[in-house]
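To keep things clear, I will list the structure first and then write my remarks on it.
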Amino acid sequence: MIQIRLQNTKSRRKEVFEPIDPANVRMYLCGPTVYDRAHIGNARPVVVFDVLFRLLRHVYGADHVTYVRNLTDVDDKINAKAAATGRPIREITDETIAWYHQDMAALGALSPTHEPRATDYIGEMILMIEELITSGHAYAAQGHVLFDVRSFPEYGRLSGRSVDDMIAGARVEVAPYKRDPMDFVLWKPSEAGVPGWDSPWGHGRPGWHIECSAMSHALLGAAFDIHAGGIDLQFPHHENEIAQSSCAHPGCGFARVWMHNEMLQVEGKKMSKSLGNFFTVRDLLDQGIPGEVIRMVYLGTHYGKPMDWTTDKAKAAEATLRKWRGLVAGVAPARAPAPAVVAALADDLNTAGAIAALHELAAQGDLAGLRASAALLGLLEDAMGGWAEVPEVDLSDLTARLADLRQAAMASKDFSAVDALKSALMGAGVEVRMSKAGVELLPGPEFDPARLEALK
RNA sequence: GGCGGGUUGGCGGAGAGGUUACGCAGCGGAUUGCAAAUCCGUGAAGACCGGUUCGAUUCCGGUACCCGCCUCCA
């Protein structure tokens, strides 16, 4: 059995991964709030932990891994969008979910085993909140239910801070009904026009954090293996999840390993709408950057480090993928990925190291191995290769013409006509290869048939 | 203010206490009418200051700078 080691945010250490049940390895990833297109920062954890999913399936068997990624379809941002556009909430969330599925599929992310929608688990959330009240970890006040952070001594452990530290320097929402400023909302009242459900505390809706606690419990149980997400979620979201789940199901342990990916920048700066460097995945796809290329760029940086999205990287990734796709075309994948690639991924998901190992395979000419290994990273798969296909064109006439011109030039020593045709061909994106053996023309990535017409 | 991450050759980006990362670009060569593609070869690094060590870019401490979270945002 391959030993997987993962950096656990909870212990701040790289630990040997030992599943609770090797026959059912369980992971949970915090998914999107569905009010708008996913931006490229949202997509990083999806791609990174898709590789983890693939690795776990490889090691424990495809039928022995359960991957849950939720869809948050109840949220004030969604409400705001509905109010601003006058559209029904369900229409907005359904549309956004469809976009999300398209965009993540374009990045080669496998579908999770389960994709629960928060609104389908309101009952479970209410039940969990009732348990928390009963056990003294939560209290109702003025239509709200709040989690009592002082009732959970470990609160703050994941993010390495104490409640007192946080209050000292933080801007916290002061509300008269809170016992402690750090107490957070489990349930809040819904005014007219805002989605709400009947509950023991009146008509209302859940707070943000409780959904993940309720859904992970429903689908993965009180204890599971891996909980992942962006580092920005470490506090407060994951901290609050731990508090809720640990108190609702004492002694179960909740998630064993917490994994967090670092943030993404664009050309060295924080991505933000105000800087004008804000991109959705769809923006990049529409610019003609293939999903596989975006994926390759993501995997070129270890997930634990900040990643910089640059157009240079996209170009480099595209060139590499094009080269590899050319090499493996028509080659059947080996039965198993190369040990070096598996070893790199098993070492805390070292995707950059794995890509280096792919380069080695390519250099050694182990194309079957390259293909099988790349698949573990979700690369070089048939389904994603459409972008790299060169158009089928008959260039035999032009090949013959160039060959004849060259033949004549060899005798006359005047190559001007040959060079003229050559540069015209290159201008049309045709790769021109001339050797002693003869002339060869190949459509390149920039191939433009329209420009070729002019040569006829 | 509190918590956390980062700083590696021209660029991107890993591992490892002592032995080539790797890729791109560059340079030299083969090949070519010239190129392209391909192949061979090659220079180049680890923010700064201390400590541990026979030896550190790798471990420890400090400094500087950058970034993130603590607040709706990933």
Side-chain angles (χ1 to χ4, degrees), chain A residues 7 9 12 30-33 35-36 38-46 75-77 80 156-173 182 208 229-239 260-265 268-274 278 296-297 299-302 304-308 310 312-320 323-324 326 340 343-344 347-348 350-363 405-407 409-416 418-419 422-423 425-426 430-437 439-442 444:
Chain A
Q7 176 73 26
T9 308
R12 328 243 150 185
C30 286
T33 299
Y35 71 106
D36 207 351
H39 65 238
I40 60 173
N42 299 129
R44 169 128 104 138
V46 174
D75 183 275
D76 287 348
K77 287 188 291 293
R157 202 174 136 221
L158 179 73
S159 45
R161 43 188 118 191
S162 72
V163 174
D164 292 323
D165 283 347
M166 288 185 271
I167 292 168
R171 284 167 275 171
V172 289
E173 188 193 346
M182 293 309 295
W208 170 34
I231 188 70
D232 53 304
L233 298 178
Q234 182 189 25
F235 186 90
H237 184 55
H238 290 162
E239 198 73 71
H260 291 102
N261 63 280
E262 253 294 348
M263 300 290 95
L264 178 144
Q265 297 183 307
K269 291 186 178 155
K270 178 177 167 135
M271 179 170 73
S272 73
K273 286 176 182 168
S274 56
F278 183 94
M296 175 90 164
V297 171
L299 298 182
T301 301
H302 187 265
K305 286 195 173 182
M307 194 207 96
D308 195 13
T310 65
D312 278 355
K313 282 188 183 177
K315 280 180 197 151
E318 179 175 337
T320 302
K323 185 172 107 187
W324 285 350
D347 181 12
D348 194 30
N350 183 357
T351 50
I355 288 171
L358 294 182
H359 279 292
E360 302 255 347
L361 293 172
L405 284 172
R406 183 158 171 266
Q407 200 69 29
M410 293 286 214
S412 69
K413 300 295 175 199
D414 175 11
F415 288 92
S416 55
V418 185
D419 287 340
K422 188 181 81 176
S423 31
L425 286 164
M426 286 165 67
V430 177
E431 195 179 297
V432 180
R433 297 184 185 177
M434 287 188 268
S435 67
K436 270 187 182 138
V439 173
E440 202 181 351
L441 297 183
L442 297 165

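Because the structure is predicted, anything quoted here is derived from the model rather than measured. Order of the sequence lines fixes the chain letters, A, B, ..., with proteins taken first and strands second; residue numbering starts at 1 for each chain.
- Rounded to whole Å, the distance from CZ on A/Arg157 to C1' on B/C70 is 20 Å.
- Across all strands shown, A/Leu442 has no heavy atoms under 4.0 Å from either base or sugar-phosphate atoms.
- A/Lys77 comes within 4.0 angstrom of sugar-phosphate atoms only, judged by non-hydrogen atoms across all strands, and of no base.
- Under the Watson-Crick or G-U wobble criterion, with both distances below 3.5 Å, B/A36 has no partner in any strand shown.
- B/G23 atom P lies 18 Å from atom CG of A/Leu299, rounded to whole Å.
- Distance alone, capped at 3.5 Å, is enough to place a donor-acceptor pair between the A/Asn350 side chain and the A/Gly353 backbone.
- A/Asp312 places its CG atom 17 Å from the P atom of B/G10, with the value rounded to the nearest Å.
- A/Phe278 comes within contact range of no nucleotide atom at all, as no heavy-atom separation falls under 4.0 Å.
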Worksheet, complete the sentence: Readout for nucleotides 27-46 of chain B: B = base within 4.0 Å of protein heavy atom, S = sugar-phosphate only, - = neither; 5' to 3' it is -----SBBBBS---------

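- Of the possible donor and acceptor atoms, one in the side chain of A/Arg44 sits under 3.5 Å from a partner among the backbone N and O of A/Met263.
- For the pair A/His302 (side chain) and A/Asp348 (backbone), a donor-acceptor distance under 3.5 Å is present.
- Using the Watson-Crick or G-U wobble rule with both distances under 3.5 Å, B/A16 pairs with nothing in any strand shown.
- Between B/G6 and B/G13, the two P atoms lie 14 Å apart (nearest whole Å).
- Under the 3.5 Å distance criterion, the side-chain polar atoms of A/Gln265 are left unmatched by any main-chain donor or acceptor of A/Met271.
- B/G43 and B/C27: their C1' atoms are spaced 8 Å apart (whole Å).
- The nucleotide B/U71 finds no pairing partner, because no Watson-Crick or G-U wobble arrangement with both distances shorter than 3.5 Å includes it.
- Remark: P of B/G4 and CD of A/Glu239 are 13 Å apart, rounded to the nearest angstrom.
- To the nearest whole angstrom, the two P atoms, one in B/U20 and one in B/G29, are 27 Å apart.
- The partner of B/G26, taking Watson-Crick or G-U wobble pairs whose two distances both stay under 3.5 Å, is B/U42.
- Between the CZ atom of A/Arg12 and the P atom of B/G5 there is a distance of 7 Å, rounded to whole Å.
- One can place CE of A/Met307 at 19 Å from P of B/C11, the figure rounded to the nearest angstrom.
- Distances shown here put every side-chain N or O of A/Lys315 at or beyond 4.0 Å from the OP1 or OP2 atom of B/G12.
- Set against B/C67, B/A14, B/G5, the side chain of A/His302 has B/A14 as its closest nucleotide.
- Ring orientation note: the planes of A/His238 and A/His260 are tilted relative to one another, at an angle of 30° to 60°.
- Across the C1' atoms, B/C59 and B/A44 are found 27 Å apart, a figure rounded to whole Å.
- Atom pair A/Glu360:CD and B/G15:P shows a separation of 15 Å (rounding to whole Å applied).
- When the P atom is compared between B/G2 and B/U63, the two are found 13 Å apart, to the nearest whole Å.
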Worksheet entry | A/Met307 and A/Asn261: CA distance, side-chain angles, deciding distance, side-chain contact (heavy atoms from CB on, under 4.5 Å) verdict | CA-CA 10 Å; A/Met307 194 207 96; A/Asn261 63 280; over 6 Å; no

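- When only modelled atom types and interatomic distance are considered, A/Thr310 and A/Asp312 share no side-chain donor-acceptor pair under 3.5 Å.
- The pairing partner recorded for B/A56 is none, the criterion being a Watson-Crick or G-U wobble arrangement whose two distances lie under 3.5 angstrom.
- Here, B/G23 and B/G62 have their P atoms 38 Å apart, quoted to the whole Å.
- One atom, CD of A/Gln234, and another, P of B/G2, lie 17 Å apart when rounded to the nearest Å.
- In terms of position on RNA chain B, the residue among A/Phe235 and A/Ala316 whose nearest nucleotide sits closer to the 5' end is A/Ala316.
- Nearest to the side-chain atoms of A/Lys313 among the listed nucleotides B/C73, B/A14, B/G12 stands B/G12.
- Taking 90° from 0 as the syn/anti boundary, the base of B/G23 is oriented anti.
- When each of A/Trp208 and A/Ile231 is assigned the nucleotide of RNA chain B with its nearest heavy atom, A/Ile231 is the one assigned upstream, toward the 5' end.
- Of the C1' atoms belonging to B/C54 and B/C49, the separation is 23 Å, rounded to the nearest Å.
- Spacing between B/A30 and B/G15 at atom P, rounded to whole Å, works out to 39 Å.
- Using a 4.0 Å heavy-atom cutoff across all strands shown, A/Gln265 reaches sugar-phosphate atoms only and no base atom.
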Worksheet item: Going through the checks in order, is the side-chain hydrogen bond (donor to acceptor under 3.5 Å, both in side chains) test met by A/Glu239 and A/Ser159?
Response: CA-CA 7 Å; A/Glu239 198 73 71; A/Ser159 45; 2.4 Å; yes

Worksheet item: Given A/Leu361 and A/His359, is the side-chain contact (heavy atoms from CB on, under 4.5 Å) satisfied, shown in steps?
Response: CA-CA 5 Å; A/Leu361 293 172; A/His359 279 292; over 6 Å; no

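- Nucleotide B/A47 is matched to B/U63 when pairs are restricted to Watson-Crick or G-U wobble geometry with both distances under 3.5 angstrom.
- Between the side chain of A/Lys313 and the main chain of A/Asp308, a donor-acceptor pair closer than 3.5 Å is present.
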